[in-house]
Amino acid sequence: MATTDTDTATGSGTENGAAGPADARELGAAGAQLSTAPAEDISVPSMGPIGWARWFWRQLTSMRVALLLLFLLSLGAIPGSLIPQTGIDPVKADNFKQRHETLTPVYEKLGLFHVYSSVWFSAIYILLFVSLIGCIVPRTWQFVGQLRGRPPGAPRRLTRLPAYTTWRTEAEPEQVREAARRILRRRRFRTHTVGDAVASEKGYLREAGNLLFHIALIVMLVAFAVGQLYKAEGGKLIVEGDGFANNLTQYDDFKSGTLFDKNDLAPFGFTLDRFTATYERTGPQKRTPRTFRADVTYWEGADGKEHKTSIKVNEPLEVAGSKVYLLGHGYAPVVTVRDGQGRVAYRGAVASLPIDGVNLTENVVVKVPDYRDKNGKKDQLGFQGQFVPTLDLSTGTMFSQFPALDNPALILTAYRGDLGVDGGIPQNVYQLDTSRMKQFKKSDGSPFAKVLRVGDSMKLPGGAGTLKLEGIKTWATFQISHRPGNDYALVGAVAALIGLAASLFIQRRRVWVRAVTGDDGVTVVEMAGLGRSESAKLPEELADLAVALQSEAPPAPDPDPEPDPDPEAGTAEAGTDTAGTDTAQPADPSEGARA
Amino acid sequence: MNLAAETNENLAHISNVLIYSAMAVYTLAFLAHIAEWVFGSRSAVGRTAAAITAAPAASAPAEVTVRAAQGGGTAVLERPKIVTRSAAGTRDVPDGPGAGGGTEQGDLYGRIAVGLTVLAFLMHAGAVLTRALSVQRAPWGNMYEFSTTFAMVAVGAYLTLLALKKNVRWLGLPLVTTVLLDLGLAVSVLYTASAQLVPALHSYWLWIHVSCAIISGACLYLGAVATLLYLFRDRHEEKLAKGGEPGRFASVLERLPAAGSLDKFAYRINATVFPLWTFTIIAGAIWAEAAWGRYWGWDPKEVWSFITWVAYAAYLHARATAGWKGRKAAYLALLAFACYLFNYYGVNMLISGKHSYAGV
Ligand code: HEM
């Protein structure tokens, strides 16, 4: 850019492309519009509300404000990564709120527990995208205009441009210009002749890429917003042999976007036939899961025809516009509890949650609300303990040593009393509230507990009943999500990437070739190039073009010492002579990457 | 223990030995670079000052002879002389002579340093490779592996630029110094014997996403070093241009490339890497979609990748906006790189999220 840091206020609109040494004034139209970046305008509006509104709009759509908003956007995203977010980890957020009594109300007012949907964060990105649209629309028109127009004619003094060369030739000026146009066109420059010079330009794809990139950002934002508003997702834990049908009551937890309609849940369902997990058995990788596979039978739509497939961790099932992901797995001991009268009081697979993610030791809680003791009195039972897929007592711990079912054992103790399930308050099935219960004791007064293998039973003291470990099933958790707009987001992302690459790696540049008859009747050829910035590539390309042109307009011997190309610039040879060292290198692959 | 497991343990052991050996050789390279800078300090100080004060207000055009390729042939034509001019308002300052200061001894030590760096790099690469073989997966499962690979790629990028005959030897000392620090931190604090990966990491996206993240970061690091040096050198040049006395580190700054060259170098790296970083994030989103059921969930790691990305976008915008070039843009670039670093160290160690499998 022609202006220095300090005199931007006076920069005129034409400076945007005038990436050369010369004044914008001197280059005139030739340097104009090498990009469609909006002109910086920080002048103060002159009058009235309309004037102010226009001023405000110009500010909003200026690069300077885009820069500021980008900066604010990254700044605004920070708190959401440091403060637990309700929408991401509600448990952690609740813990935080309990621990920080003074901060919490302040944070809540500021929306710091849901930063990414807060008013102020939304304001930043909405402003940014308004600015973006306000920026793209005029830029697109301007660019279309540039495409339909022609490269601007040569400036009066080509010597002022960043790259320049000249020679004398016997060829006629028209011939030279004709040859120049041919050569430039062959290299896919857009050319035409204005007066005594050929004007040409190349690299329009840069601008196209830049516009594509910014438009793609809008596509991505819209796709993301649609996904957020219409999303529906929920989790479900399923024990082997059980099934799921896609309606609200079946979910363990369910979240949806504000515009999602519960009647929109697509009709489908599936049964978990079998879950397989294999683990590395030896070596430093021991215990690493090798495969997690859920074999399922699913149905879809009204006819409900069944299909078999399997779901793996990175390979969700796609059905009826939703995706079913495999998230985790664990074991469910199958137990039968008989009460004091020998009646079956409970039978089922008890899905239990791992407390150790590697070896899958699990917390087990069995609640038996419907129980009678040996005298037929109504009471409630609760069992609590651990399930261990691989018990190895030689290690001295009751923790699992391997995640597979190598030596499974169930270690339980038992309570009787009030489970607290009748109060109507929803209770966590994975936790036993023993505050109103009494633990069974052995005859010596120590707590009653037993290690059970498959097939074993434990007899509660005093004939209070039995619990039998019938077998072990595996469970898996699934996430069922419905997110429209994903495809558009992907298309947007790919377009953004392509646009960005074009915008950063393609150089837009102009080349002029002037051929006139000199005072002595010999033709003088002048060539000059202008890019968006100084580039070692530009002189190189100009040299290539000059070599090509010289084969048709061979240099004539100089009659006198070479004329000074630009008398005002003084000593032409005074600059640094970097010949043969720097710029003579093969083109830098990232050469085009510059503003 | 079976045979395969034993080879694995052996490989892991070889990897550790190689890392320590590489560190030893990097240390030698570091000393050689120090010698290079010390011997080079005898070079003529004042070139920059001379150039700045001698340059007329309107910058003089430089005459550059450009080699022009001719239809693939080897015929050397008489080359056209291309006169180039730099933008008005920029200082026309020649690049410094490099750390060796043009002295024979300095240059010799510089060459030795580069040779040692190449040797250390080979060991370093061997260490990363054997580590990968020992765990039979991409060696990017935890911070130790990430740090060692990161440093390896940074050195690799530097050596590649050297091999392409770019003027980057001034990067040698800062790079080797920080690589030593990084490896030291890796082997002492971050070391993890051999870790297991959660199944979500069993995906070819691990290779794509994480390798791109590492390459982006390592290259952005070179850009950040250049930016930092640019700030020092630019201040130096500005001081001289105003007729001030050269500061204490003048002899060092004098030998760096001109501020303009450093700035350009940094910009080119940042701009070249930006699309790769963009791709890294997109690849991560695609992977997250496959593994977790959502492509974007504002997980801390995702948030900081986004912040880094927006910060670099701001930097690129700044470069395109009048009044924000030069130093201001440079500060933005440093801030953007700080975001990258925080995403790596800060988020992994301080914040837990879905990505926290990357055990410390
Ligand atoms: C949504 C946030 C935005 C992002 C992430 C973004 C990103 C980028 C990036 C990475 C570039 C670099 C490409 C290059 O140097 O050619 C760029 C260039 C550009 N952006 Fe944006 N941009 C955003 C919003 C805007 C807005 C609101 C405007 C309008 C004021 C704008 C106007 C421009 C212009 C004019 C260029 C080209 C500058 C040039 O010709 O060198 N951008 N943008």
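Chain letters run A, B, ... following the sequence lines, proteins first, then strands; residues in each count from 1. Model, not experiment: these values are computed from the prediction.
Contact of B:Phe279 with chain A is made through backbone and side chain together, with heavy-atom distances under 4.5 Å. The contact between A:Leu497 and chain B is made entirely by side chain atoms (from C-beta outward), counting heavy-atom distances below 4.5 Å. Using a 4.5 Å cut-off between heavy atoms, A:Leu217 contacts chain B through its side chain alone, with no backbone atom that close. Proximity to chain B (any heavy atom under 4.5 Å) is shown, for A:Ile480, by neither the backbone nor the side chain. When heavy atoms are compared at a cutoff of 4.5 Å, A:Ala489 approaches chain B solely by way of its side chain, counted from C-beta outward. With a threshold of 4.5 angstrom between heavy atoms, B:Leu332 approaches chain A through side-chain atoms but not through N, CA, C or O. Within the 4.5 angstrom heavy-atom criterion, only side-chain atoms of A:Phe213, from C-beta onward, approach chain B.
No donor-acceptor pair under 3.5 Å is formed between the side chain of A:His482 and the backbone N or O of A:Lys231.
Note on A:Leu490, A:Ile78, A:Leu75, A:Leu542: by heavy-atom pairs under 4.5 Å with chain B, the leading option is A:Ile78. Among the candidates A:Thr165, A:Val115, A:Leu69, the residue making the largest number of heavy-atom pairs closer than 4.5 Å to chain B is A:Thr165.
The minimum heavy-atom distance linking B:Ser305 with B:Trp277 is given by the pair O-NE1, 3.6 Å. The minimum heavy-atom distance linking A:Glu233 with A:Ser481 is given by the pair CB-CB, 3.6 Å.
For the atom pair CD (B:Glu289) and CH2 (B:Trp296), the distance works out to 14.0 Å, reported to the nearest 0.5 Å.
Counting heavy atoms of neighbouring residues, nucleotides and ligands inside a 6.0 Å radius, atom CZ of A:Phe71 does not exceed 12 of them.
A salt bridge between A:Lys323 and A:Glu315 is absent, with no side-chain N of the basic residue lying under 4.0 Å from a carboxylate O of the acidic one. In this structure, B:Asp263 does not pair ionically with B:Arg268, as no charged nitrogen and carboxylate oxygen lie closer than 4.0 Å.
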